[in-house]
Amino acid sequence: MNKESRRTFLKQSIKAATASVALGTPLLGIGCAKPETGPNDAPAVHARKKFRWRMLTTWPPTLFVLQDGPKLFVEWVKKMSEGRLEIQVYGADELVPALETFGAVSQGTAEIGHGASYYWAGKIPAAQFFSAVPFGMNPQQINAWLISGGGLDLWKEVYAPFNLLPLPGGNTGIQMGGWFNRPINSVADLKGLKMRIPGLGGKVISKAGGTAVLTAGGEIYTNLERGVIDATEWIGPYHDYLMGFYKIARYYYYPGWHEPGTNLEFFINKSAFLKLPIDLQQIIRNASAQVHHWMLCEFESKNNLYLQKLVTEENIALRQFPADVLEKLRTYSAEVVEEITADDVLSRKVYDAYTSFRSQITPWSDISEKVYYRNLL
Ligand code: CA
């Protein structure tokens with residue numbers, strides 16, 4: 001190549017590179033999620049267009065962490081997009097009741113929602129395996145499955161018929177077993193017990209001879225105080241302390257076998273998402289990833305502060321479930337999952353993927369985390 005033709009070649013290369021940037025060709029790094037593709041993949045055309053969205057959450061408007069996450073999401077999206085995507089957040093019952101948010105976003109009443117996928121178990125049994133499985137994976141393992149083990153792709157497939165795109169949106173960490181007004185010394189003590197416990201855990205309590213009651217967050221305290229229920233689980237020490245359960249139930253049991261790290265979610269109306277230019281789509285992905293990370297950090301950093309307050313200031317009886325009670329609950333949990341997956345092809349597919357990933361990583365967890373916790377911490 002002589003001097004002149006080298007100069008021409010360089011000029012053409014620069015031109016081509018500039019054109020590629022101008023068109024906003026996405027440069028995907030290793031491990032980046034595949035983008036949703038649609039008819040509007042031309043960001044340059046929409047570059048300065050402004051979008052206004054509504055977000056519906058399943059949480060009371062002032063609930064710490066769980067409602068703070070969606071609020072931070074909105075703030076971060078606004079900053080990253082320089083105001084091109086503004087989202088108004090509505091808590092439970094502000095626009096629609098908590099358990100109707102999924103349908104409302106699916107139908108386009110709002111563009112995005114935040115909640116936990118086990119709330120939709122009545123409509124989509126397979127959905128609950130993306131939130132919490134009794135005696136299932138911990139937050140670190142669930143994240144590994146969702147982000148690097150194909151779990152999120154499967155979750156997208158489950159939500160696709162509803163025109164929804166799911167994204168991981170937080171994790172509560174391992175929860176507590178709950179508040180009881182009598183000690184649980186054997187499985188027999190669960191017989192006749194009326195307990196507020198949602199999801200698969202509730203089905204397990206029913207198998208143990210108890211009655212699982214679904215009570216909205218705002219009514220649990222009064223129901224426990226009046227004896228409408230004998231026991232309740234909620235989240236962990238931080239949130240349980242703020243709910244004041246220690247004033248009306250003495251026994252605080254661990255571990256939260258029924259929710260060993262509940263994964264939370266954003267669910268996005270797919271048509272609305274595809275109308276966004278690619279950079280705003282990516283901003284949504286980034287903000288949700290940031291919320292996902294932030295929430296678990298909040299729970300982990302605050303739980304012990306409040307656990308200590310409960311133990312030292314409120315003098316609660318902190319108890320571990322006896323080993324034989326946990327063993328029995330584990331057996332019932334396996335039966336519950338078996339029954340659900342036997343009746344529903346999609347649940348079977350999701351649960352098979354869940355268990356297959358879990359058994360693939362367990363030998364590693366056995367010689368790393370487990371040994372470290374047991375012997376070195
Ligand atoms: Ca819970």
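For ligands, and for the atoms within them, numbers begin at 1 and follow the listed sequence. Keep in mind it's a predicted model, so treat the numbers as computed, not measured. Atom set for the values below is all heavy atoms of this structure, side chains included, hydrogens, waters and symmetry mates excluded.
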Once side-chain hydrogen bond (donor to acceptor under 3.5 Å, both in side chains) is applied, do any residues pair with Lys207, and if so which ones, sequence neighbours excluded? Glu335, Glu339

To the nearest 10 degrees, could you say what angle the Ca ion (ligand 1) makes with OE1 of Glu233 and O of Trp234? 90°

Name the one of Arg48, Arg84, Arg285 that satisfies salt bridge (charged side-chain N to carboxylate O under 4.0 Å, His left out) with Asp279? Arg84

Parallel, tilted or perpendicular: rings of Phe299 and His239 (30°, 60°): tilted

Once the angle between the rings of Tyr253 and Phe321 is folded into 0 to 90°, is it parallel (under 30°), tilted (30 to 60°) or perpendicular (over 60°)? parallel

For the Ca ion (ligand 1), find the closest N/O/S atom on Glu259 and give its atom name. OE2

Is Pro198 close enough to the Ca ion (ligand 1) to have an N, O or S atom under 3.0 Å? no

The Ca ion (ligand 1) contact by Gln175, N, O or S atom under 3.0 Å: yes

